[in-house]
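Heads up, the thing below is written out as structure tokens.
A note on names: the letters A, B, ... follow the listed sequences, proteins ahead of strands, and every chain is numbered from 1. In what follows, every heavy atom counts, from backbone to side chain, and hydrogens, waters and symmetry copies are set aside. Since the model is a prediction, treat every value here as computed from it, not as a measurement.
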Amino acid sequence: MLFVAKRLGSALLVMFAISIVVFLIFFATPGVDPAARLAGRGASPEVLSQVRHAFGFDQPLPVRYVLMMDHLFVTRDLTSYVNIGDKVVPQIMQAAPVTLSLVLGAAVIWIVLGLGGGILATRFRGSVVDPIIMVIGIAAVSLPAYWVGEVVNLITQDRLHDSVFSWVPPLGYVPFAQNPGQWALHLLFPWLTLALLYGGIYARVLRAELVTAMGEDYVRTGRAKGLSERRILWRHALRGSLSPVVSLFGLDLGSLIGGAALLTEVVFGLPGIGKLTWDSLQNLDLPVIMACVLYAAFFVVAANAIVDLLYAVIDPRVRRA
Amino acid sequence: MPAAPLLEVDDLRVAFRTRDGVVNAVNGLSFTVGRGEVLGIVGESGSGKSMAMYSMMGLLDNPNATVTGSARFEGTELIGMPLPKLNRLRGSSIAMIFQDPMTALTPVYTVGWQIVEQIRTHEKVSSQAAWKRAIALLDEVGIPDAARRAKSYPHEFSGGMRQRVMIAMSLACHPSLLIADEPTTALDVTTQRQILELIRDLQAKYGSSVIMITHDMGVISEIADRVIVMYAGRAVELGGKSQVVRSPRHPYTWGLLGAIPRPGQRGQRLATIPGLPPGPHDDQIGCPFRSRCRFAMDECSEMPQLRATGEAADHLDACWLSGDARKSLRGEIA
């Protein structure tokens, strides 16, 4: 319990530090003057100072930081600098479910594919099954998301849309609350595309770990105890081999939810966080960028904290550390 | 020796296919283990002693290894036995403990869990009953506060305590044969002695047979009834413990015994055996020890067979030296 509390406490501390760093990068970098951007090109000094005052840029940095966090987390009325009046927090709240639906659904598929592939390849080491799975794995890893996505779209939306894939809905997103069936149907090919790219890595990592584990002394002990190969693989070798997969999963999940699924979102027309971040970067819309980065950081930090807790569940040697 | 031995090994051979040809790790090993007997197998690293045991137990998972010969346990052939059948023997009738107790237990389960797993693999008992037995076993091998310690993980034990856990686990199903593969090598000297005493006490109590594999002549003289001295995959000497330790007949055994430091020997240089054991690819014709043997003769280019060369009919060795001259020749080394 103490371990959990400690880990969550340090996660909070990391979040705090990230928010400060992000704030300083965007609002206190010499040469970057948000007021100049807001006031427009060739604004007079009077207008500039007016803008500075109106947005609070003339206050000391710590105060500005607190004001920013207040707008972001407490009053939640931080507004965009580009589309004046657009509130930032609702934008994020709108984009987040799209990304979460995409990434979590894909994660379920790639975990099943990856773990299944890794275990199968280990079980049938020495037969043709193992190299076949590994080649599929490396091929899947090597494919770029936008290319796979475009090919999938080409086939399901165009070439075979009149025959085999007539049931595939047009690109876009339907909220789960509105129609769960359509939600899943719209996300099916994005899920598969994303899962294909990640499942391959997981299969390869798990296989490497399992093969190493199967050479450990405790596996020999298991055989000498009269345990079946199946039990040795599932109960003894797999448990320890999951640690690297779990940490990989934590990092991937955190960054994908944080916006790294951008290419998949764009290709399939999903208005998620990746898309939002991309658009705000195009416009140099500082409050939106700031909010997106903090949102992404939150998931990365949270995912890492969860990974550490899972580690402790899997491996008792971590618990006292 | 009892009429029907528990284990009868005949011409056991383990060959590895390698890039440079076939290598024989075990080269025609034959021996028997009687009921309640402790057989010591002694030899240098790479002499094939562990390999012989693993091949019998089906624990060689190298696809390039081929095992031939015969090993009959209670009359049943072990070599080539299908895995499901072998799994019913492993852990129940034949148990093993290994050299390194640090890595021999699965790190992510409590020791009690692992002993319960051992029991319930071979016997239909409830997990509560198995847990009770696990605690009793841990208590018996001298783990203090066994009921609490059963819930500890392997990394929470010292090396000696872990080897005690291994012993408790191996004895869980009352095996008639315990194969101990250098069980004391990874432990410090005082712990070694405790573990040996524990194995000896339990052996006396349960009457199991034990095969004790070691490179330490001291361990042999402590625990064994009979001894096999192995060199380069072959048995070079075989006999009762006092025969081999007190009146060894093979020059290699002389070297091994001469290399043990003795009190009262201070100031003298400790005897060593010059040279290295033959590599796996060296020619395998003739006596493998001849390149290191100061008594090597022309006859040694032919492999000597194990046979009785002295007065005792059950004390065998593989050496061409004439039986009568051995005593005086040994004097030349010491």
Side-chain angles (χ1 to χ4, degrees), chain A residues 3 115 119 121-131 206-207 209-247 307-321, chain B residues 50 53-54 56-63 83-111 113-123 151-156 162 165-166 169-170 172-173 175 178-181 186:
Chain A
F3 179 81
L115 298 195
I119 291 168
T122 312
R123 191 106 179 80
F124 293 101
R125 194 152 43 110
S127 78
V128 288
V129 177
D130 177 17
L206 183 65
R207 178 194 176 272
E209 285 296 320
L210 274 178
V211 166
T212 313
M214 288 306 278
E216 294 283 350
D217 284 358
Y218 61 76
V219 167
R220 187 182 59 194
T221 305
R223 293 193 176 121
K225 278 165 88 172
L227 307 182
S228 66
E229 284 297 303
R230 173 191 299 254
R231 188 177 171 91
I232 289 172
L233 179 66
W234 283 89
R235 298 305 292 267
H236 289 263
L238 186 61
R239 179 92 175 257
S241 306
L242 281 180
S243 294
V245 176
V246 164
S247 62
V307 163
D308 282 1
L309 297 181
L310 275 181
Y311 250 68
V313 172
I314 291 175
D315 192 337
R317 285 168 297 183
V318 181
R319 275 170 219 169
R320 283 187 307 178
Chain B
S50 300
M53 297 304 118
Y54 291 176
M56 266 171 23
M57 295 288 286
L59 291 175
L60 291 179
D61 53 2
N62 188 324
L83 190 59
K85 209 174 158 202
L86 191 59
N87 264 342
R88 282 198 290 278
L89 279 183
R90 299 202 285 208
S92 65
S93 301
I94 311 177
M96 280 190 90
I97 53 181
F98 298 99
Q99 174 172 352
D100 192 352
M102 299 289 172
T103 55
L105 291 159
T106 308
V108 295
Y109 295 112
T110 63
V111 299
W113 188 95
Q114 301 190 44
I115 298 176
V116 167
E117 181 187 45
Q118 165 79 83
I119 296 170
R120 280 168 53 93
T121 299
H122 296 287
E123 295 171 33
K151 293 183 199 131
S152 300
Y153 291 92
H155 70 275
E156 295 167 325
R162 252 180 270 193
V165 171
M166 280 300 289
M169 191 159 77
S170 67
C173 298
L178 174 68
I179 300 175
D181 181 13

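- The minimum heavy-atom distance between B:P107 and A:P316, with the atom names listed, is O-CG, 3.5 Å.
- With a 4.5 Å cut-off on non-hydrogen atoms, B:L105 touches chain A through its backbone but not through its side chain.
- Contact detail for A:I314 and B:V108: the closest heavy-atom pair is O-CG1, 3.6 Å.
- Listed options B:G91, B:A104, B:C173, B:P84 were ranked by heavy-atom pairs under 4.5 angstrom with chain A; first place goes to B:A104.
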For the pair B:N87 and A:L227, evaluate side chain to side chain contact (heavy atoms under 4.5 Å, CB included) and give the outcome as yes or no after the intermediate values. CA-CA 7 Å; B:N87 264 342; A:L227 307 182; over 6 Å; no
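- Panel note: side chain B:R90, backbone A:R223; a donor-acceptor pair is recorded below 3.5 Å.
- Heavy-atom distances place no part of B:M102 under 4.5 Å from chain A, backbone and side chain included.
- Residues A:R235 and B:E117 are not paired through a salt bridge, judged by the lack of any N-O separation under 4.0 Å between the basic side chain and the carboxylate.
- Using a 3.5 Å distance cut-off with no hydrogens or angles, the side chains of B:Q114 and A:H236 do not pair a donor with an acceptor.
- The closest donor-acceptor contact from the side chain of B:Y153 to the backbone of A:D315 lies at 3.5 Å or more, if one exists at all.
- Counting heavy-atom pairs closer than 4.5 Å to chain B, the top-ranked of the candidates A:E229, A:R220, A:R239 is A:R220.
- What you find for B:H122 and A:G226 is that their closest heavy atoms are NE2-CA, 4.1 Å.
- Looking at B:I179, there are no atoms closer than 4.5 Å to chain A (heavy atoms on both sides), in backbone or side chain.
- The CZ atom of B:F98 sits 5.0 Å away from the OG1 atom of A:T221 when rounded to the nearest 0.5 Å.
- Between A:K225 and B:T121 the shortest heavy-atom distance is O-CG2, 4.4 Å.
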